[in-house]
Amino acid sequence: MSVLSVHSVLFVIFGTTAILLSLKALFLGAATAAARGKLKSFLNAEDAAWLGGVHKNPDPEVVARWGRAHRNDLENLLPFFICGLLYVLSEGPAIAGYVYCGAFLIGRVLHTGAYLGARPMLRRNAYTLGFLTIAIMGVHAAWLMAQRLLS
Amino acid sequence: MSVLSVHSVLFVIFGTTAILLSLKALFLGAATAAARGKLKSFLNAEDAAWLGGVHKNPDPEVVARWGRAHRNDLENLLPFFICGLLYVLSEGPAIAGYVYCGAFLIGRVLHTGAYLGARPMLRRNAYTLGFLTIAIMGVHAAWLMAQRLLS
Amino acid sequence: MSVLSVHSVLFVIFGTTAILLSLKALFLGAATAAARGKLKSFLNAEDAAWLGGVHKNPDPEVVARWGRAHRNDLENLLPFFICGLLYVLSEGPAIAGYVYCGAFLIGRVLHTGAYLGARPMLRRNAYTLGFLTIAIMGVHAAWLMAQRLLS
């Protein structure tokens, strides 16, 4: 058995990044539901009956766009959290950890803005920044764990 | 480097809550697949050919309802787990942690029941309870980490 | 407060499994986007205008298949990571942990291959292997935590 320890500042930076992006995804989910309410267009028949709207599935485009931004967030947040937590628990170098957290945070905030603002080139670049960050951080974390095992 | 420690009882309460809700989401996924099998309506052409049913995409409403309940679970479970784990690892007060876990567990069990039973007002209120719990717990965890950094 | 400790080898095995499957899911997401680009069929009108393709929602079948393989991965990776991390943090027996990680890794790699290769029986069996692994590991982890509380 070995005791788990973390770099105190990196733990806070990683944790705050993960919380902020969790809350962003959570709010995108609520915004998708709010967009349905505003248009009075609902995925469930019982909602349309209750709130006096139409039952429409799939969602109209303006609702579906919030939903796609939300879904893309969750698809990237899960591998980021897994790879990042394991990086922090493997006591990876703090400087690289700050760069990973900063790059992912910037990438995902820009991605949401670009999705909602219909700016496709910025959206692709922001997605690519997040993608590369997770890929590099994941390989780095796996490498750190292998080192730990062999040492 | 600082050693990670947790409140023993809160760790168990949080962990058990997260496991129960993971298993609930897992079973909703399997129930979605089972509903397809029962109706002999399949998303993939090869499934319809194999099992002697029809290839239908999107799913019929009764299958899609299980799928929406499942998806909503996953969308909320990910931010709950991230914010909750960081709350526990930040050694947040146990009492508040119990309240967060209890509120989220109740909210999400009621949400699934309300979705499957087509009760829209209960579903909205249960979703809102879960949403507010994650938002408050996330801000609380970020605050605890900032305190830890400054102290 | 109690200090968190882990079995050193199980931590590495679990962590590496979780990272590999995170990266697999990440690449399936990118492959879905790449399949859209290859067919010049885009979910967003602005992408079709920018890259000179058609705006098509839902995706054509070949794109949607990548997307379903990706979504199924994420739906299973989240409960696996939650139950597995809590198993490791509960200091569960290493041998059982190796079996859980190995079974889930094999199940999910086979699932992706079977989905992309349109082999429905293998896909169902691979999914079932992953499902049972998560269910057993989750119950095992909850049991370990309850023991820890009572001892």
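Per chain, numbering begins at 1; letters A, B, ... match sequence-line order. The analysis underlying the following values was restricted to heavy atoms, covering all of them including side chains, and did not include hydrogens, waters or symmetry mates.
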[X] portion near chain C, given a 4.5 angstrom heavy-atom threshold:
X       : value
B:Leu43 : both
B:Ala25 : neither
B:Phe11 : both
B:Leu21 : neither
B:Leu26 : both
B:Val3  : side chain

Working to the nearest 0.5 Å, report the span between [atom1] of [X] and [atom2] of [Y].
X        : Y        : atom1 : atom2 : answer
B:Leu78  : C:Phe81  : CG    : CZ    : 10.0 Å
B:Leu77  : C:Ile82  : CG    : CD1   : 4.0 Å
C:Met145 : B:Ser8   : CE    : OG    : 12.5 Å
B:Trp50  : C:Arg123 : CH2   : CZ    : 8.0 Å

Less than 4.5 Å apart, side chain to side chain, heavy atoms only: is that true for [X] and [Y]?
X       : Y       : result
B:Ile19 : C:Leu86 : yes
C:Met1  : B:Glu91 : yes
C:Leu85 : B:Leu85 : yes
C:Leu89 : B:Val6  : no

Heavy atoms from other residues, nucleotides or ligands near NZ of B:Lys40 exceed 12 (cutoff 6.0 Å):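 Above 12, so yes.
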C:Met137 portion near chain B, given a 4.5 angstrom heavy-atom threshold: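 Contact with chain B is absent: no heavy atom of C:Met137 under 4.5 Å.
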Contacts of residues 56-76 of chain B with chain C (heavy atom under 4.5 Å):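 Checking residues 56-76 of chain B against chain C gives B:Asn57, B:His70, B:Leu74.
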Pairs of heavy atoms under 4.5 Å with chain B: top-ranked of C:Ala118, C:Ser5, C:Cys83, C:Ala135: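 Looking at each option in turn, the highest pair count goes to C:Ala118.
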Closest non-hydrogen atom pair, C:Phe131 against B:Ala30: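 The answer is CE1-CB, 3.7 Å.
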Residues B:Asp47, C:Arg124: salt bridge by 4.0 Å N-O rule: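 No salt bridge links B:Asp47 with C:Arg124.
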